[in-house]
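Right, one structure below, let's go through it.
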Amino acid sequence: MKTILIYESTHHGNTKKLVDAVAKRYGIRTATVEEAAAMDLSAYDRIGIASGVAFGKFYEATERFMDNSLPKGKDVFFLYTCGNDSGKYANSVSAKARARDCRVLGVYGCRGFDTFGPFKLIGGIAKGHPTQNEIDGAVEFYGSLAE
Ligand SMILES: Cc1cc2nc3c(=O)[nH]c(=O)nc-3n(C[C@H](O)[C@H](O)[C@H](O)COP(=O)(O)O)c2cc1C
């Protein structure tokens, strides 16, 4: 099972913490979403997509990757971090994956330090997140995915 984990983690590197932990534990290749958009991904069986959340969806370049660059027929999974989880943040990317005949294996999300807009004035929200427990949760999530 050849896997690549593609990420966009521009706000505080919160999502990258999940990505690095999963990649280290399982020896998975990683790429930024910009790098991945220029790569031939056909040899990968499984594609992980990891992003922070902005305005209720994955970041813009990641949403665009899902529209334009995700190869058809792959197994995909999602990781994200967000200031305040709605439980719906992966809905858009999941629908885009299915539209490209990909199988969604699962979604893991947790909170991540957020200083966007007005939250900056109060020193941010979700300080200290992702916690080590939440990072370990991402590693467990990956380990639990069906082959
Ligand atoms: C422009 C912007 C918009 C955001 N919108 C949301 C949002 O709609 N919902 C939410 O829960 N968090 C939102 N956040 C918080 C980020 O998703 C959160 O801090 C995340 O952990 C950042 O991940 P990163 O450090 O990997 O980029 C927003 C952050 C930014 C910068």
Side-chain angles (χ1 to χ4, degrees), residues 1-41 44-71 74-100 102-145:
M1 180 69 63
K2 206 174 163 198
T3 302
I4 186 166
L5 188 41
I6 296 166
Y7 66 91
E8 187 177 10
S9 179
T10 46
H11 189 39
H12 286 291
N14 297 327
T15 313
K16 182 78 167 25
K17 291 179 185 167
L18 310 186
V19 167
D20 286 347
V22 171
K24 187 171 169 206
R25 170 69 179 76
Y26 289 97
I28 296 168
R29 168 147 194 211
T30 64
T32 65
V33 71
E34 289 82 11
E35 287 165 348
M39 281 169 68
D40 176 5
L41 297 170
Y44 291 95
D45 311 293
R46 182 184 272 184
I47 299 180
I49 305 287
S51 172
V53 166
F55 313 113
K57 299 203 279 193
F58 280 31
Y59 287 157
E60 207 178 321
T62 300
E63 292 279 345
R64 211 177 321 121
F65 175 88
M66 298 301 295
D67 287 326
N68 300 330
S69 307
L70 180 71
K74 302 292 183 183
D75 283 349
V76 300
F77 63 94
F78 298 107
L79 303 176
Y80 67 87
T81 64
C82 62
N84 201 1
D85 206 345
S86 74
K88 295 180 179 171
Y89 292 147
N91 285 4
S92 168
V93 284
S94 297
K96 288 175 181 184
R98 291 192 186 101
R100 293 178 85 86
C102 290
R103 181 163 69 126
V104 177
L105 300 176
V107 179
Y108 178 86
C110 69
R111 299 186 79 194
F113 182 46
D114 177 7
T115 55
F116 175 61
F119 295 132
K120 194 169 183 173
L121 302 174
I122 58 165
I125 60 168
K127 249 184 228 169
H129 293 269
T131 62
Q132 190 57 51
N133 250 358
E134 289 165 334
I135 295 169
D136 293 346
V139 174
E140 275 166 36
F141 160 79
Y142 182 82
S144 74
L145 292 179

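In listed order, ligands and their atoms are each counted from 1.
Ion pairing between a basic and an acidic side chain is recognised when a charged N comes within 4.0 Å of a carboxylate O; K96 and D67 show such pairing. Salt bridge status for D20 with K24: absent, with no side-chain N to carboxylate O gap under 4.0 Å. Salt bridge annotation for D75-R103: present, with a cationic side-chain nitrogen under 4.0 angstrom from a carboxylate oxygen.
A heavy-atom cutoff of 4.0 Å around ligand 1 is satisfied by the protein residues S9, T10, H11, H12, G13, N14, T15, G52, V53, A54, F55, G56, Y59, T81, C82, G83, N84, Y89, G112, F113, D114, F116.
In summary, the aromatic rings of Y142 and Y108 are positioned with their centroids too far apart to meet the 6.0 Å limit.
Rounding to the nearest 0.5 angstrom, the gap separating the OG atom in S69 from the CZ atom in R64 is 9.0 Å.
Counted by atom type alone, T81 and H129 present zero donor-acceptor pairs between their side chains at under 3.5 Å.
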